[in-house]
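First up is the structure itself, then whatever we jot down about it.
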Amino acid sequence: MNRKNALAAGVAAALALGSVTMVATQSTAAPRPTAAAGASASQPGAGFRAMTADARREAIRTAGRNAAATARELGMGPDERLVAKDVLIDADGSRHVRYDRTYRGLPVIGGDLVVHLAEDGTITGSDLAHQGAVRIAGTTPKLTAADASAKAVKHARHVKKAKAGSKDSALVVYAVGKIPVLAYRSTVTGEGETGPTSREAVIVDATSGAALDQYELHQSVTGTGNGVTVGQVSIETTQTAGGYTLTDAAHGGTIVYDSYNSPQSNPRQNARAFSKTTNSWGNGTSSSRESAAVDASYGLAKTWDYYKESFNRSGIRNDGRGARAYVHVDNSLVNAFYDDNCFCMYFGDGSSQNGNTPVTAVDVAGHEMSHGVTAATANLTYSGESGGLNEATSDIFGTMVEFYANNAGDPGDYYIGEKLNMSGGSLRRMDNPATDGRSLSCWNSGAGSVDVHLSSGIGNHFFYLAAEGTGAKTIGGRPHTGTTCNNDTFAGIGKDKAAAVWYRALTTYMTSTTNYAGARTATLQAAADLYGTNSQERYLVSKAWAAVSVGTALPDPGTPTPSPTTPPSGNALTNGSFEQGTSGWTQSDNIITNSSLQPARDGSWYAWMMGYSTDAIESLSQSNIAVPSTGTPKLTFWLKVSTQESGSTAYDTLKVNVNGTTLATYSNANASSGYVQKTVDLSAHKGQTVKLEFAGTEDTYLSTIFLLDGITIG
């Protein structure tokens, strides 16, 4: 995790490979209504009420009318506005409203949120990408847009030779870290890793010009294949006076165009709609330009049908409107990508390296269309861990579409792009991502710093284990291995239930900066909503996350809980140095971090609490800690306090609570230039099992930051 480098989701998301980082969301959600333990997830909407397009539009308008009152109730500042983006309604009438945020008219990157309401309109909780009000010194930048563009060109990592006039800069508020800043978002185009028209988004500080983050807008993939993939299928077309077009009126008017090899920089430059006098399309090989269009039309229709039948979702944006698709993009392009700006999908023809196989397989179409669903819902930042989750989401639902399509020539499996005949047999494998020698199968502290198509392996691996469990299987005629990172063994809940959990988490609880720890929280809440808090499904979801090194498994609801008076065996405290990331800890916000904005005492990870300059609370805790029963047990930790306050009055505090009792309090009055070791006597809890909590409180005005590291009990 890295607070600084989490970035707003990219305009375009592709099937292939790129790089970045992210942050956990702040959750203030109260317990939500849960389904009975045996509730079915096969019903449309995975717990959501079906809505017509008109009803959805009216729900969004209502949310917009309530936006100002909602902002006030959430404690947002007078310069902030909420813009309603989507509304989901549960079967019991509860609503989940997704908002984007602006500040004095500027878009706020990392400012999105979901507000949860009871049927009577009472707010029951919220999930925010940025906690509290957004405040910056002003909206007048020191840098001009031209200066920012020049800085962006210098900071670009993936574009090395920017072309004149190929960059643009727009003012935004960058609120991914604790302290929002005025920034420019620039797009740099030029010669780079994806060819002569590579594009990269760069965020720079509008005062200093320092780079806050950057990521590719298009990523490329290479491989080998052996022909057009879907075989003989039925597709939806539209009859015209002169014949037929590849316009799918049954799926929102989705239209497939021939790009006529327009360049990636302008893939619609030479495009024209497919049309002919007969209603027979393609010949099953790439010798006919129509064959790739058949693949795309079929795959996109199956994706639409999957979302409709599984979740009652009507298209990418749930508004019944189909997107445009373009095949035969560029020359020798072994890639496919989605662009939310134009609401379009693009598919390359492949190259001589893969037998000129169009990149239009069913799971590829499902993958790209699902990028649009993510953009319309959580809008996961295409950077770092959230970028890995973005890619994993597309792999998950692309795979589910492949199972749903049940195409005889392409049976469902957990291999991604296997019909493209890539070297190694596929682009990625969900059952054991690390088999390609690059992808991550297990979470580690560096997961936010690798290419998003590699960190996606963590989410893919989780999903496979949640769906199928552990052990070797043959699925779709292909071997699968349910290996784990902790040598655990367990059963899965089935792919349909696992997909329902992921969809509800994505659309109801995740925000743009959700990381893997946040995804675990979101899916556990989703599983509780669908199947019950004490359900076996929720327990197995937690087992699957633990099996990829994200958190620990919940207690088995079918196993009696040991007496809390019996101290557990093993270490008194887990991961006190934080070098295993969030493992062992429960945090209210993205507290545990390896951000370079503040120093760790040892290693690279530490806990950063408070520093908002506004009314805020935070909590970092660990339960079931065995306090030694002999000697004089004590809690020892290192604390660094930085503050804008002055004097000895305690305005902002950090309390050490054990089993709910405050044993020590530190404040802005304890400011120090470096880490200072602190000791708290635990003799009153000798031989007990306790919960340790660091509880931070900050007032409305000046900022105080509390940094923690090297926590031990002994």
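Side-chain atoms are counted along with the backbone in the values below, which use heavy atoms only and exclude waters and symmetry mates.
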Side chain to side chain, Thr245 and Phe274, heavy atoms closer than 4.5 Å:
no

Going by heavy atoms in the side chains, are Val172 and Pro107 under 4.5 Å from each other?
yes

Pair Phe403 + Tyr414: ring centers closer than 6.0 Å:
yes

Could you check if a side-chain atom of Pro180 sits within less than 4.5 angstrom of a side-chain atom of Val173, using non-hydrogen atoms only?
yes

Ring-plane angle category for Tyr306 and Phe397, please: parallel below 30°, perpendicular beyond 60°, tilted otherwise.
tilted

Is there a side-chain contact (heavy atoms from CB on, under 4.5 Å) between Val176 and Tyr174? Walk through the geometry before answering.
CA-CA 6 Å; Val176 172; Tyr174 184 74; 3.6 Å; yes

Taken to the nearest 0.5 Å, the spacing of Tyr99 OH from Asn66 CG works out to 6.0 Å

Stacked cation flag Lys497 on Tyr531, 6.0 angstrom / 45 deg
yes

With no hydrogens and no angle check, is any side-chain donor or acceptor of Ser370 less than 3.5 Å from a backbone partner on Val373?
no

So OG of Ser297 and CD1 of Ile235: to nearest 0.5 Å the spacing works out to 4.5 Å

Are the side chain of Arg538 and the backbone of Leu524 linked by a donor-acceptor contact shorter than 3.5 Å?
yes

Say whether, by atom type as modelled, one donor and one acceptor occur between the side chain of Asn390 and the main chain of Leu380 under 3.5 angstrom.
yes

Describe, in one word, how the ring planes of Trp304 and His251 are oriented to each other, choosing from parallel (under 30°), tilted (30 to 60°) and perpendicular (over 60°).
perpendicular

Pair Gln264-Leu333, side-chain contact (heavy atoms from CB on, under 4.5 Å): steps then yes or no
CA-CA 9 Å; Gln264 282 193 70; Leu333 177 63; 3.5 Å; yes

Under a 4.0 Å N-O cut-off, is there an ion pair linking Arg428 with Asp395?
yes

Heavy-atom donor-acceptor pair, Ser394 side chain to His371 backbone, under 3.5 Å:
yes

Can you classify the ring geometry of Tyr307 versus Phe311 as parallel (below 30°), tilted (30 to 60°) or perpendicular (above 60°)?
tilted

Passes side-chain contact (heavy atoms from CB on, under 4.5 Å), Trp281 versus Thr237? Steps please.
CA-CA 10 Å; Trp281 304 83; Thr237 64; 3.6 Å; yes

Using a strict 4.0 Å threshold on nitrogen-to-oxygen distance, state whether Asp100 and Arg81 make a salt bridge.
no

Sidechain-backbone polar pair: Tyr346 side chain, Arg268 backbone, donor-acceptor under 3.5 Å:
no

Check whether any side-chain N or O of Glu290 sits under 3.5 Å from a backbone N or O of Gly282 as a donor-acceptor pair, and report yes or no.
yes

Do the side chains of Arg101 and Glu80 get close enough for a salt bridge, i.e. N-O under 4.0 angstrom?
yes

How many angstroms lie between atom NE2 of His461 and atom CG of Asp431, to the nearest 0.5 angstrom?
7.5 Å

Indicate yes or no: does Asp79 engage Arg104 in a salt bridge with an N to O separation below 4.0 Å.
yes

Below 4.0 angstrom, N of the basic side chain to O of the carboxylate: do Arg317 and Asp319 qualify?
no

How far apart are the C-alpha atoms of Trp502 and Thr393, what are their side-chain angles, what is the distance that settles it, and do they pass the side chain to side chain donor-acceptor pair (under 3.5 Å) test?
CA-CA 8 Å; Trp502 193 272; Thr393 296; 3.0 Å; yes

Can we call the ring centroids of Tyr257 and His328 under 6.0 Å apart?
no

Using a 3.5 Å distance criterion without hydrogens, assess whether the side chain of Ser262 forms a donor-acceptor pair with backbone atoms of Ser259.
yes

Can you tell me if Lys419 uses its side chain to pair, donor with acceptor, with the backbone of Thr360 under 3.5 Å?
no

If we only count heavy atoms from C-beta on, is the Thr377 to Arg313 side-chain gap below 4.5 Å?
yes

So, do Met430 and Ile416 sit near enough that their side-chain heavy atoms are less than 4.5 Å apart?
yes

Less than 4.5 Å apart, any side-chain heavy atom of Arg56 and any of Asn318?
yes

Answer yes when Arg95 and Asp120 have at least one side-chain N-carboxylate O distance shorter than 4.0 Å, and no when they do not.
no

Short side-chain to backbone donor-acceptor contact, Thr507 and Tyr503, under 3.5 Å
yes

Taking the side chain as C-beta and beyond, is there a heavy-atom pair between Asn335 and Val359 under 4.5 Å?
no

Under a 4.0 Å N-O cut-off, is there an ion pair linking Glu58 with Arg65?
yes

Measure the acute angle between the ring planes of His116 and Tyr509, then classify it against the limits of 30° and 60° as parallel, tilted or perpendicular.
tilted

For the residue pair Met345 and Arg324, establish whether any side-chain heavy-atom pair is separated by less than 4.5 Å.
no

